[in-house]
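The figures here come from the full heavy-atom set of this structure, side chains too, leaving out hydrogens, waters and symmetry mates. Quick note: residue numbers are just sequence positions, from 1. The shown structure was predicted, so the numbers you read here are calculated from the model rather than taken from an experiment.
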Amino acid sequence: MLADRSRGPGSLLALLVVVVAVTVASAGRSWAQGGERVAAGEAALAAGEPARAEALFRQVAAAAPGDLEAWGGLARALAAQGRGAEAERILAEVAGGAVESGRWDLAARFLRDHLHLADASAQLHALLGRAEMLGQQWVAARRHLQRAVELGASDARSRLYLASASWELGELQAAERQLRQLAATGAPLADRQLGSLLLWQGRGAEAVPWLERAQQAQPGPDVAFELARALDLAGRRQEAAALYHQVLAAHPGHTRARYNLAQLLVREGERQQAAGHLERYRRDYAAQQRQAREGGLQRARLDHGWGLLEQGEAAAAAAHFATLPETVESLAGLAAARSALGDHGGAATALERAVALAPERQDLRLRLAEERSAAGGGG
C-alpha cells in the first residue's frame, strides 16, 4: 500500500480514518488473513533481513489495513534499513487515523510501542500527547507535549493541549501563561480556555472579556453558561440573568444554569421566579438521580453502542446512541459514531450538548474543538 512513495502525506490517513475504527473487531480476522505473514516478517527482522520483512508486512497491511501489528512491523523494517523518515510518516498516519476515528486509546498504545523508532520527532510526541490528553492521562500527556515543544513543535494545538494538561495537574500559573501566549496569537479556543481557567479560580471580572471573545467567535450554550457565571461573579447580575435565560431557552434541561439563575434571582429579591426555577431544578435533579440508579442497564446499553462502533457499524452505533437518554457518555458515544461516519458537524453538535452538561470536562472540549475544525469551523 505504501509502495508508491510519491503519494501525498494525507493519502494513507484518509483510508486509516475509516479502517482504524474497526481494528478491534478485525483483529481476529487479521490473524487469519495475514497472521502467518506477520510472524514471518518478525522472523525476518530477527534474522537481520529487513527488506524481506518490509515486503511481508506490506502484503498484510495492503490486505488488512486495520492490522496495526503489520503497520508497526513495517515501520520497524523501514527504520532497520535507515529509512527513518518513512517509518515516522507511517507511525504518524496510523496513529493520526486512530485519533481521527475516536480511538485515541489505540493511538496511544501504538505510539508508546513504536516511539523509540523516532524519539526525536516533535510530530509523534505531539500526537501521543494529544491522544493521552483525550484519554485523560494528564501526566503522560504533559510529558510528551512538553517534549514536542522542546523539539520545535510550534503549532497552536500542541500548545493548547499542553496548557490543558498543566491545568489538570494543578499547575495553574503555567497554564495561564501558556494560554495568554496563545490567545495573543489569535489561536482558536485559547480565549475560551483562558476565560474558563480564570473563572475556575474565581476571577470572574478577568474572565469576562476572554469569554465574551470566545462567545463572539463561536456562540454556544456552553460558553454562554460560563460567561453568565463570570458576569455574576463580576457583579453584572442583570447581564448574567439574561444569559442564563438564553441558555435555558435553548437547553431547558441544563440543570446547572437553572440552579445558578435561581440563586441569582434570590439575591436580587425575585423569590417567586426563583422558586419556580428551583422547583424545576429539583424535578430535573431527581430524574438524573433515578437515571443514575439505572446506571447498570445504561452502562450495558452504552457498551453495546461502543461495541457496534468497534465492529465498524458506525451507522448502527449512531442510531443506537441516539435512542439512549441524553447523558454526557451517550452524547460522547454519538459524537464518536458521527465522526466515524465523517459527519463532523453532527459530532460537534453532540459534543456541544455534552459540554453543556459537563463544562468541566476538558477532554470533551478538546474533542469539540477537533470536530469543529474537521467540519470547517476552525474552532
Handout entry: side-chain contact (heavy atoms from CB on, under 4.5 Å) assessment of Leu68 paired with Asp113
Key = CA-CA 11 Å; Leu68 298 196; Asp113 289 345; over 6 Å; no
Say whether, by atom type as modelled, one donor and one acceptor occur between the side chain of [X] and the main chain of [Y] under 3.5 angstrom.
X      : Y      : result
Gln81  : Ala77  : yes
Ser330 : Thr327 : yes
Ser166 : Leu162 : yes
His125 : Asp119 : yes
Ser158 : Ser154 : no

Any side-chain heavy-atom pair from [X] and [Y] closer than 4.5 angstrom?
X      : Y      : result
Arg372 : Glu352 : yes
Arg267 : Leu264 : yes
Glu54  : Leu74  : yes
Leu179 : Asp191 : no
Glu42  : Arg76  : yes
Asp232 : Gln263 : no
Tyr244 : Tyr259 : no
Met133 : Glu168 : yes

Which pair of heavy atoms, one from [X] and one from [Y], lies closest together, and at what distance?
X      : Y      : answer
Arg367 : Ala336 : NH2-N, 3.7 Å
Ala337 : Phe321 : CB-CD1, 4.5 Å
Ala70  : Val60  : CB-CG1, 3.7 Å
Leu91  : Ala75  : CD2-CB, 3.8 Å
Trp200 : Leu172 : CZ3-CD1, 3.6 Å
Val328 : Ala358 : CG2-CB, 3.7 Å

Exercise for the section: Anything under 30° is parallel, anything over 60° is perpendicular, the rest tilted; go ahead and classify His254 against Phe225. Expected result: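 Taking Phe225 first and then His254, their aromatic rings sit tilted (interplane angle of 30° to 60°).
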Exercise for the section: Name the orientation class of the two ring planes belonging to Phe110 and His114 (parallel below 30°, tilted from 30 to 60°, perpendicular beyond 60°). Expected result: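 Geometry flag for His114 against Phe110: tilted rings.
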Taking NZ, NE, NH1 and NH2 as the nitrogens, is one of them in [X] or [Y] under 4.0 Å from a carboxylate oxygen of the other?
X      : Y      : value
Glu171 : Arg142 : yes
Glu226 : Arg192 : yes
Glu270 : Arg237 : no
Arg147 : Glu132 : no

Practice task
Walk me through it: do Arg159 and Thr185 pass the test side-chain contact (heavy atoms from CB on, under 4.5 Å)?
Solution key: CA-CA 12 Å; Arg159 292 178 177 272; Thr185 69; over 6 Å; no
Handout entry: Over 12 non-hydrogen atoms of neighbours within 6.0 angstrom of CD in Glu150
Key =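 Correct, the count exceeds 12.
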Problem - Flag if over 12 foreign heavy atoms under 6.0 Å of CZ, Arg112 - result: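 Check passes, neighbour count above 12.
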Problem - Test side-chain contact (heavy atoms from CB on, under 4.5 Å) applied to Glu176 and Arg203, step by step - result: CA-CA 12 Å; Glu176 181 177 343; Arg203 297 157 64 182; 3.0 Å; yes
Handout entry: Criterion side-chain contact (heavy atoms from CB on, under 4.5 Å) on Arg301 and Thr323, from CA distance to verdict
Key = CA-CA 10 Å; Arg301 296 176 71 189; Thr323 68; 4.1 Å; yes
Practice task
Could you tell me which residues satisfy side chain to side chain contact (heavy atoms under 4.5 Å, CB included) with Ala314, sequence neighbours excluded, listed by chain and number?
Solution key: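 Residues passing side chain to side chain contact (heavy atoms under 4.5 Å, CB included) with Ala314: Leu309, Ala340, Leu341.
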Are [X] and [Y] linked, directly or through other ILVMFWY residues, by side chains that come within less than 4.5 angstrom of each other?
X      : Y      : result
Leu227 : Leu368 : no
Leu308 : Leu106 : no
Val223 : Trp210 : no

Problem - Leu248: which of Leu243, Thr255, Leu261 passes side-chain contact (heavy atoms from CB on, under 4.5 Å) - result: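 With Leu248 as partner, side-chain contact (heavy atoms from CB on, under 4.5 Å) holds for just one option, Leu261.
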Exercise for the section: Show your working on salt bridge (charged side-chain N to carboxylate O under 4.0 Å, His left out) between Arg338 and Glu371 and close with a plain yes or no. Expected result: CA-CA 10 Å; Arg338 289 291 183 197; Glu371 295 299 340; over 6 Å; no
Problem - Any residue meeting salt bridge (charged side-chain N to carboxylate O under 4.0 Å, His left out) with Arg229, in chain and number order, not counting sequence neighbours - result: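 In terms of salt bridge (charged side-chain N to carboxylate O under 4.0 Å, His left out), with neighbours along the sequence ignored, Arg229 is linked to no residue.
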